[in-house]
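Just below is one structure, and these are the notes that go with it.
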Number of protein chains: 2
Amino acid sequence: MARLDESLLTGLPPFSRLERSQIRAILDQATSRRYDEGTAVFREGMPAERFYLLLDGTIRVVRTTETGEQVIALHIPPGQLFGIAPAIGRDSYPASAICAAECLALSWPVRLWSGFSAAYDGFATESYKTLGGRLGEFQARVTDLATKAVEQRVASALLRMVNQSGRKVEGGIEIAFPITRANISEMTGTTLHTVSRLLSAWEKQGIVRSTRKHITVTEPHQLVLLSGAAG
Amino acid sequence: MARLDESLLTGLPPFSRLERSQIRAILDQATSRRYDEGTAVFREGMPAERFYLLLDGTIRVVRTTETGEQVIALHIPPGQLFGIAPAIGRDSYPASAICAAECLALSWPVRLWSGFSAAYDGFATESYKTLGGRLGEFQARVTDLATKAVEQRVASALLRMVNQSGRKVEGGIEIAFPITRANISEMTGTTLHTVSRLLSAWEKQGIVRSTRKHITVTEPHQLVLLSGAAG
DNA sequence: CGCGTTCTTTGCTCTTCCGCAACCTTGGAG
DNA sequence: CTCCAAGGTTGCGGAAGAGCAAAGAACGCG
């Protein structure tokens with residue numbers, strides 16, 4: 001395998017305070033791998049043997065209920081750690097990590113986690129910040145699901161994805177990974193039918209534009225209004 | 001203030017691996033305080049200046065939406081840390097902590113957090129486990145809200161409270177803190193009317209018994225069935 | 001002991017959104 | 001080029017549950 005370049009990690013929060021030589025040491029212990037769209041990096045319930053850093057692509061964190069329904073808990077953008085069960089004392093993954101697009105990720109065996117935390121200044125702190133951010137996001141999700149109507153939730157979900165992984169294109173901002181109506185319904189606790197109806201209506205009003213598996217938001221401000229001003 | 005006894009902390013996860021003398025040192029830096037039912041220990045958005053350990057009572061973790069609705073994120077039972085924003089790199093509290101019943105809590109200034117983590121074996125690990133548990137609980141909440149019907153969610157919520165803070169009484173298990181129909185609706189994303197109707201129906205079927213602000217579950221198994229077998 | 005506040009119950013109406021069904025479109029595989 | 005699977009659209013009931021209204025308990029305070 002090609003030797004990995006230090007610049008991959010430079011500037012990413014968990015490694016931002018480290019020397020070049022330290023980053024080198026970390027990289028030399030990493031395994032790098034490419035995953036096709038739709039592949040599972042790991043699945044819910046599997047023993048947590050490695051933790052990961054997403055270099056490119058988008059990870060969809062998914063839980064499946066006993067009745068077989070899927071719920072999308074989270075999308076992870078490039079540059080973030082994922083599968084960090086060891087950080088919270090779990091020995092199995094609480095959800096599955098599916099590649100929403102082609103992905104490139106590094107990984108390390110979990111036994112290195114405590115060593116990294118101890119040896120590298122800022123690694124633990126920054127990782128826990130990531131965790132804190134996710135906790136906050138979940139809290140926001142719960143609040144949304146508990147208080148907002150479907151239309152507002154779908155608008156919020158679109159905005160969240162646009163903010164986190166939006167790519168500027170002519171006439172708007174496009175969500176940078178493939179996403180279906182069904183996916184959105186799994187994020188918002190509704191049905192693909194309702195999502196389709198909403199998107200059709202918004203398209204007629206000129207708020208969004210969409211093709212198969214891709215959505216571009218042309219009037220973010222209108223969506224903010226529809227979302228009940230929370231994001 | 002009366003000197004606190006070491007036995008208060010012995011056996012609680014964050015302190016379980018510590019020597020008596022270490023616990024003594026921790027206690028000597030703690031402030032102990034009693035709070036009346038309904039009091040806020042801290043409020044959403046306030047600068048996070050202290051972290052807390054609940055010795056007795058129950059804390060209700062509440063978020064308020066822009067439209068003034070309340071959502072109950074979590075109940076915290078005695079023996080757990082709360083207000084641990086510093087652990088996840090936040091400098092303000094993300095939610096309010098309200099006493100569901102009369103409470104007794106210890107607290108420390110946040111600046112001691114990193115010292116505790118460094119000096120006391122297991123403190124950080126165990127605290128992050130608590131955090132992990134909460135993350136898991138949120139994930140379960142999101143799944144519930146996204147996929148289950150109202151009746152199932154209310155049944156789940158009752159079961160969760162019974163499991164976490166149930167007190168055995170004759171003919172069933174009582175939720176150990178005062179709780180109203182409105183509270184339950186804020187936990188499950190419904191209205192107090194619907195909750196009242198459900199409880200009435202269940203009371204007729206002999207599954208629960210309730211008086212003002214108190215609920216006893218007499219047939220937990222029936223509730224498990226109603227909840228769609230998830231808890 | 002009376003009064004007001006807080007909590008609870010229950011009926012009715014009305015809206016939202018789900019479930020079902022049918023059909024259309026797009027893109028990839030062979 | 002054709003076919004097929006995956007994704008998307010749209011119409012139409014029907015049911016779940018929200019919203020509104022009104023009244024009845026329980027408790028706590030003066």
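Convention: sequence-line order gives letters A, B, ...; per-chain numbering from 1. Below, all heavy atoms of this structure are taken into account, side chains as well, without hydrogens, waters or symmetry copies.
For R212(B) and dA25(D), a side-chain-to-base donor-acceptor distance below 3.5 Å is absent, hydrogens and geometry of angles not being considered. Residue side chain H193(B) reaches the base of dT10(C) through a donor-acceptor N/O pair under 3.5 Å, judged by distance alone.
When the local axes at the two ends of the helix from dC1(C)-dG30(D) to dG30(C)-dC1(D) are compared, using 5 base pairs at each end, they differ in direction by 40° after rounding to 10°.
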query: Taking it one step at a time, do F82(B) and F51(B) satisfy ring-ring contact (aromatic ring centres under 6.0 Å, His included)?
result: CA-CA 6 Å; F82(B) 67 101; F51(B) 64 95; over 10 Å; no
query: Could you walk me through whether S32(A) and L4(A) pass the side chain to side chain contact (heavy atoms under 4.5 Å, CB included) check?
result: CA-CA 8 Å; S32(A) 145; L4(A) 301 158; 4.0 Å; yes
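Donor-acceptor pairing under 3.5 Å is recorded for the side chains of R134(A) and Q80(A). Side chains of T147(A) and R153(A): a donor-acceptor N/O pair is absent below 3.5 angstrom, by distance only. For R50(A) and T31(A), the side-chain atoms include at least one donor-acceptor pair closer than 3.5 Å.
With the nearest nucleotide of DNA chain D identified for both L192(A) and G189(B), L192(A) has the one nearer the 5' end. Taking for each of R197(B) and K213(B) the nucleotide of DNA chain C with the nearest heavy atom, the 5'-most of the two is the partner of K213(B).
When rounded to the nearest whole Å, the span between NZ of K148(A) and C1' of dA18(D) equals 19 Å. Straight-line distance from the CG atom of L145(A) to the P atom of dA18(D): 14 Å, rounded to whole Å. A straight line from CD of E203(A) to C1' of dG8(D) spans 11 Å, rounded to a whole angstrom. When rounded to the nearest whole Å, the span between CZ of R181(B) and C1' of dG19(D) equals 20 Å. Taking atom CG of residue L198(B) and atom C1' of nucleotide dT10(C), one finds them 13 Å apart after rounding to whole Å. Distance E37(B) CD to dC27(D) C1': 12 Å, rounded to the nearest Å. Atom P of nucleotide dC7(C) and atom CD1 of I184(B) are separated by 13 Å, given to the nearest angstrom. Counting to the nearest Å, the P atom of dT8(C) and the CH2 atom of W202(B) are 15 Å from each other.
For the atom pair CZ (R141(B)) and CZ (R160(B)), the distance works out to 5.5 Å, reported to the nearest 0.5 Å.
At the heavy-atom level, S210(A) lies nowhere under 4.0 Å from the strands shown.
The side chain of S196(A) contributes no N or O atom lying less than 4.0 Å from OP1 or OP2 of dG8(D). At the phosphate of dG19(C), neither OP1 nor OP2 sits under 4.0 Å from any side-chain N or O atom of T191(A). Applying the 4.0 Å criterion to OP1 and OP2 of dC18(C), one finds that T194(A) has a side-chain N or O inside that range.
Relative ring orientation between F42(B) and Y93(B) is described as parallel, the plane-to-plane angle staying below 30° on a 0-90° scale split at 30° and 60°.
Taking the side chain of V150(A) as heavy atoms from C-beta on, and the options dC17(C), dA18(D), dG17(D), the nearest nucleotide is dC17(C).
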